[in-house]
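The structure appears right after this line, and notes come after that.
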Amino acid sequence: MGKIRCVAIDPWRWKIPKEGQMRTDGLIYASEDMLSLIMQDQSAQQVANVATLPGIVGYSMAMPDIHQGYGFPIGGVAAFDLKEGVVSPGGVGYDINCGVRLMTTHLTRKDLSEEKIKALVDALFENVPSGVGSSRKDFSLSQGELKNVLAEGARWAVQKGFGKEQDLDHIEEGGRIPWADPDKVSSKALERGKSQLGTLGSGNHFIELGFVEEIYDEKVAKIFGLFPDQLTVFVHTGSRGLGHQVCDDFIAILLKSIQKYGIDLPDRQLCCAPISSPEGKAYLGAMGAAANFAFANRQMISHWVTETFEKFFKIPAERLGLSLLYDIAHNIAKIEHHLVGDKEIEVCVHRKGATRSFGPGREEIPAVYRSVGQPVLIPGDMGRYSYVLVGTDRAMKETFGSTCHGAGRVLSRHQAIKASKGRSISQELAQHGIYVRGASKETIKEEMPEAYKDVSKVVEVVHNAGISRKVARLRPVGVMKG
DNA sequence: ATGTAC
């Protein structure tokens with residue numbers, strides 16, 4: 001396949017016309033400025049590569065926060081027919097069910113001085129283990145109990161006293177992938193997972209304190225429980241070493257089975273298996289189990305966030321108004337029903353660095369939000385903003401109910417470290433009123449704001465394209481990084 | 001993202 005050609009459909013949509021082995025067109029959501037940035041790496045080529053996979057339904061899509069990933073681009077969305085189609089670990093990513101949850105409070109900006117914010121972030125840092133390979137000293141699981149976590153997800157955590165029953169309704173899938181198969185998770189992955197439940201991890205994972213700075217849609221904000229100057233808490237983490245190991249294990253397995261199923265791939269990183277094959281089913285089962293680990297992980301971390309708040313303010317959580325707005329997956333493959341043409345069919349939707357953005361009326365959305373659409377939570381970089389959006393009908397028609405997931409990198413980790421040489425990123429953030437506490441200095445450099453696109457520009461694209469709509473903008477004030 | 005190269 002030669003040089004990638006993008007044709008403008010409108011100011012927010014670019015088509016990669018089908019050619020060569022492609023079975024369908026590619027579709028990138030971006031502004032003209034962003035597209036020129038996107039064309040600097042291999043990500044548009046990856047969108048075209050995904051379009052060659054058997055059984056793809058609709059376009060091979062990418063969101064404006066697209067950048068190069070393993071096989072599939074990060075920011076990629078692709079749906080596959082359950083009979084003819086394939087499932088691919090590269091379409092989910094290494095951090096299976098990496099995702100975010102947003103907690104709201106009754107507290108406002110005036111309840112927290114700069115000093116209090118620092119002390120609160122420090123207290124969170126003491127109470128939630130973070131960093132590469134972090135584990136909880138007070139908590140380790142037997143293999144049997146870990147398998148219960150993998151089968152039950154956030155429900156397991158609630159049964160063990162981490163959070164409340166009503167939290168489950170405010171988590172994508174109720175915090176549990178029902179078709180997860182813990183027996184398809186290798187003993188090596190189990191070993192890595194058993195001491196890591198309830199830990200934040202590293203890289204872009206974080207706990208962020210912020211305030212509601214701007215409301216765009218008052219009606220929806222009210223339904224989501226958001227109001228101006230409100231203190232909010234973002235938690236961003238995934239399935240840690242366990243999910244990583246599942247991905248590793250199945251890439252090795254599926255690389256071997258490519259020939260067996262006669263799949264012709266432009267890039268071996270797209271290794272995959274028919275959804276209906278034993279290998280495909282095994283991957284989906286193991287991936288679902290890892291996804292459940294991540295749902296339980298975020299549920300447990302928000303319990304310790306709640307505990308930290310209660311001790312810090314010496315006020316019970318109910319009076320602080322701490323509650324879970326929503327919890328969403330960024331890296332996952334799901335079996336969902338969608339209207340394709342005039343037929344309702346089941347497809348396997350891969351979202352890799354992309355968020356579900358279901359519009360009004362879908363039964364998967366909690367009853368309290370169902371009339372307006374699901375909450376879509378978009379963390380930005382630690383120096384600028386984060387957003388709350390809402391899912392739309394247009395997303396249902398166009399993107400299998402999907403939108404962007406964040407800002408998207410513009411500098412690689414290595415480039416970011418180079419760009420931050422001789423600077424103190426923590427001090428620069430402090431000058432903007434943001435306190436950051438990290439497990440490692442290196443991570444803070446890798447995660448410097450300029451390593452990311454401006455998330456407001458990413459959000460502008462998905463809002464104008466109509467695949468999700470702006471509800472509120474949040475401003476970070478205190479960040480705990482892994 | 002990741003016991004950042006078993």
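Below, read A as the first sequence line, B as the second, and so on, with proteins coming before strands; counting in each chain starts at 1.
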Quiz item: Rounded to whole angstrom units, what separation is found between the CD atom of A:Q245 and the P atom of B:dT2?
Solution: 13 Å
Quiz prompt | Criterion side-chain contact (heavy atoms from CB on, under 4.5 Å) against A:R351, the qualifying member of A:R356, A:M61, A:M63, A:H330 | solution = A:R356
Self-check item: Whichever of A:R409 and A:V132 has its nearest DNA chain B nucleotide further upstream toward 5'
Solution: A:R409
Quiz item: NA contact type, A:R240, heavy-atom cut-off 4.0 Å: base, sugar-phosphate, or nothing?
Solution: sugar-phosphate
Self-check item: Atom pair distance, as rounded to whole Å: CD in A:Q196 and P in B:dT2
Solution: 8 Å
Quiz prompt | Rounded distance in Å - CG (A:D249) to P (B:dT2) | solution = 16 Å
Practice problem: Would you please name every residue forming a side chain to side chain donor-acceptor pair (under 3.5 Å) with A:E172, sequence neighbours left out? | Solution: A:K334
Quiz item: When you check the gap from the basic side-chain N to the acidic O, do A:D183 and A:K147 get nearer than 4.0 Å?
Solution: yes
Practice problem: Rounded to the nearest angstrom, tell me the gap between atom CD1 in A:I417 and atom P in B:dT4. | Solution: 15 Å
Exercise. Specify the separation, in whole Å, of atom CD of A:E446 and atom P of B:dT2.
Key: 11 Å
Quiz item: To the nearest angstrom, how far is A:K441 atom NZ from B:dT4 atom C1'?
Solution: 20 Å
Practice problem: Just call it for A:S239: base, sugar-phosphate, or nothing, with non-hydrogen atoms closer than 4.0 Å on any strand. | Solution: nothing
Self-check item: Listed partners of A:R384 passing salt bridge (charged side-chain N to carboxylate O under 4.0 Å, His left out), at least two apart
Solution: A:D381
Self-check item: Euclidean distance, atom OH of residue A:Y94 to atom C1' of B:dA5 [Å, nearest integer]
Solution: 13 Å
Quiz item: Touch check for A:G238, heavy atoms < 4.0 angstrom, all strands: base, sugar-phosphate only, or nothing?
Solution: nothing
Self-check item: Touch class at under 4.0 angstrom, heavy-atom based, for A:E442 against every strand present
Solution: nothing
Quiz item: Tell me: CG of A:D95 to C1' of B:dT4, nearest whole Å?
Solution: 14 Å
